[in-house]
Number of protein chains: 2
Amino acid sequence: MKLKQVVEIGKCLSNQTRVEILEWLKNPEANFPPNESGISNKEGVCVGNIQEKTGLSQSTISTYLGSMERCGLLHMVRNGKWSYFSRNEETIQEFIRSIQ
Amino acid sequence: MKLKQVVEIGKCLSNQTRVEILEWLKNPEANFPPNESGISNKEGVCVGNIQEKTGLSQSTISTYLGSMERCGLLHMVRNGKWSYFSRNEETIQEFIRSIQ
DNA sequence: TTGTCATATCGAGAAATGTCGATATATTTG
DNA sequence: CAAATATATCGACATTTCTCGATATGACAA
C-alpha cells in the first residue's frame with residue numbers, strides 16, 4: 001500500500017467516533033437495528049442507523065463515512081435512497097501489512 | 001487496547017513523515033548510519049540521525065518521536081546525552097489486533 | 001566551572017480538521 | 001408533478017495540529 005493511503009487511513013483512525021464505527025461494523029447484526037429494507041446488516045448498515053448510534057449530526061456522520069470509504073476502510077453500496085456501509089477487510093489487511 | 005490509545009496511534013499515523021520513520025525503523029541498520037557511540041542501530045536510532053534523514057527541524061522531530069513514544073509505537077532508551085528510538089512491536093501488534 | 005553537544009520544551013502563527021445548520025440532490029410515494 | 005425521505009455537500013466558526021526558531025535541560029569534555 002502506498003504511503004499516502006496509509007496516511008489517509010491514519011487520519012480516519014485519529015478520531016474516537018470513527019474508530020468506534022469501524023469496531024461496531026465488525027458485528028453489525030449485534031450493534032445495529034435491522035434495516036428497513038430487506039437488506040441484511042451483514043451487507044452494510046445505513047447512514048441513519050450509524051448516525052443515531054453516535055448522536056452526532058447527520059452531516060458529520062455522512063462526512064465521516066465518506067472519508068472512510070475514500071481511504072478504503074469501508075465499502076459502500078447504494079440501494080435506492082439508502083447507502084449501506086460495511087468494513088473493507090481487504091484494505092484493512094493491506095494497511096496492517098504496511099505497518100507491521 | 002483501549003479506544004483512546006488506538007486514537008493516539010491513529011494521530012501518529014496521520015502524518016507522512018511519522019509513517020516513514022516507523023517504516024525506516026523496520027530495518028534501522030540499512031536506513032541509518034552507525035551511531036557514534038557503540039550502541040547498535042538495532043537497539044535504537046538517535047534523534048539526530050532521524051532528523052537528518054527527514055530534513056525537518058530538530059524540534060519537530062523531537063516532538064514527533066515523543067508523541068510516537070507516548071502512544072506506544074516507539075520504545076526509547078536514554079544513554080548519556082543520546083536518546084535511542086526503536087519500534088515497539090508489542091504495542092504495534094496490539095493496535096493491529098484492535099482494528100482487525 | 002565553563003563550554004559544547006544532543007535532546008526536550010515553549011510560544012507563536014499558519015494550516016488542517018471538527019462539527020454544525022442550511023441547503024442540494026436523488027429516490028420513492030401519492 | 002409535489003411531497004417526503006435518505007444522504008451528500010456547502011459555508012462557517014471553533015479547535016487542533018504543524019512546524020518553526022528560541023530557549024531550557026542535562027551530560028560530558030576541557
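Proteins come first, then strands; the chains are lettered A, B, ... in the order of their sequence lines, and each starts at number 1.
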Asker: The side chain of Tyr64(B) is closest to which nucleotide in this list: dA6(C), dC18(D), dT19(C)?
Answerer: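 Given the options dA6(C), dC18(D), dT19(C), the side chain of Tyr64(B) is closest to dC18(D).
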Asker: Side-chain N or O of Arg78(B) versus OP1/OP2 of dA27(D): is the shortest distance under 4.0 Å?
Answerer: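 For dA27(D), neither OP1 nor OP2 has a side-chain N or O of Arg78(B) closer than 4.0 Å.
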Asker: Between the base of dG21(C) and the side chain of Ser59(A), is there any donor-acceptor pair under 3.5 Å?
Answerer: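 Yes, the side chain and the base share a sub-3.5 Å donor-acceptor pair.
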Asker: Over how many whole Å does the gap from Glu69(A) atom CD to dT9(D) atom C1' extend?
Answerer: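 Spelled out: CD on Glu69(A) to C1' on dT9(D) is 15 Å.
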Asker: Write down the distance between CD1 (Ile61(A)) and P (dT17(C)), rounded to a whole number of angstrom.
Answerer: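 Taking CD1 of Ile61(A) and P of dT17(C), I get 18 Å after rounding.
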Asker: Once you apply a heavy-atom cut-off of 4.0 Å, does Ser62(A) come out as touching a base, just sugar-phosphate, or nothing?
Answerer: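 The residue Ser62(A) makes base contact.
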Asker: Both Ser57(A) and Gly80(A) contact DNA chain C. Taking the nearest nucleotide for each, which residue is further toward the 5' end?
Answerer: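 Closer to the 5' end of DNA chain C: Ser57(A).
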Asker: Starting from P on dT7(D), measure out to CD on Glu52(A) and report it in whole angstrom.
Answerer: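 Nearest whole value for this atom pair: 11 Å.
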Asker: Looking at every strand, decide which applies to Glu36(A) at a 4.0 Å heavy-atom threshold: base, sugar-phosphate, or nothing.
Answerer: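 Since only primed, P, OP1 and OP2 atoms lie under 4.0 Å of Glu36(A), the category is sugar-phosphate.
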Asker: Which residue, Lys11(A) or Leu56(A), contacts DNA chain C at a nucleotide closer to its 5' end, judged by nearest heavy atom?
Answerer: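 Nearer the 5' end of the strand: Lys11(A).
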Asker: Measure the distance from CH2 on Trp82(A) to P on dT28(C) and round it to the nearest whole Å.
Answerer: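 Value for this atom pair: 8 Å.
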Asker: Whole angstrom is fine here: how far is it from CG in Leu65(B) over to P in dT9(C)?
Answerer: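 Computing the Leu65(B):CG to dT9(C):P distance gives 12 Å.
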Asker: Would you say the side-chain atoms of Asn41(A) pair up with the backbone N or O of Glu29(A), donor to acceptor, closer than 3.5 Å?
Answerer: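 Flag not set: sc Asn41(A) to bb Glu29(A) has no pair under 3.5 Å.
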Asker: Has the side chain of Arg87(A) got a donor or acceptor atom that lies under 3.5 Å from a matching backbone atom of Leu22(A)?
Answerer: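 It does hold such a pair.
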Asker: Using atom types as modelled and distance alone, determine if a side-chain donor or acceptor of Ser98(B) lies under 3.5 Å from a backbone N or O of Glu94(B).
Answerer: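 Yes, Ser98(B) side chain to Glu94(B) backbone: donor-acceptor pair under 3.5 Å.
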Asker: For the backbone of Trp82(A) and the side chain of Asn35(A), can you confirm whether one donor and one acceptor N or O come within less than 3.5 Å of each other?
Answerer: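 Here the side-chain-to-backbone pair does not exist.
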Asker: Within the pair Asn15(B) and dT19(D), is there a side-chain N or O less than 4.0 Å away from OP1 or OP2?
Answerer: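 Yes, such a contact exists.
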Asker: Figure out the CG/P separation between Asn79(A) and dA26(C), and round it to whole Å.
Answerer: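 Whole-Å distance recorded here is 17 Å.
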Asker: Would you say Gln51(A)'s side chain and Leu56(A)'s backbone share a donor-acceptor pair under 3.5 angstrom?
Answerer: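 Looks like yes, one N/O pair under 3.5 Å.
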Asker: Between Asn49(A) (CG) and dT5(D) (P), how many Å, whole number?
Answerer: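 Rounding to the nearest Å, CG of Asn49(A) and P of dT5(D) are 16 Å apart.
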Asker: Check this one for me: any side-chain N or O of Thr60(B) less than 4.0 Å away from OP1 or OP2 of dC18(D)?
Answerer: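 No, no such contact exists.
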Asker: Starting at CZ of Phe85(A) and ending at C1' of dA8(D), how long is that distance when rounded to a whole Å?
Answerer: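 So the CZ-C1' distance, Phe85(A) to dA8(D), works out to 10 Å.
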Asker: Of the nucleotides dT9(D), dT7(C), dT19(D), which one has an atom closest to the side chain of Thr63(B)?
Answerer: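 Shortest atom-to-atom distance from the side chain points to dT19(D).
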Asker: Among dG18(C), dA8(C), dA6(C), find the nucleotide with the atom closest to the side chain of Met76(B).
Answerer: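 Of the candidates, dA8(C) comes closest.
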Asker: Spell out yes or no: do the side chain of Gln58(B) and the base of dA8(C) have one donor N/O and one acceptor N/O closer than 3.5 Å?
Answerer: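 Checked by distance alone, the answer is yes.
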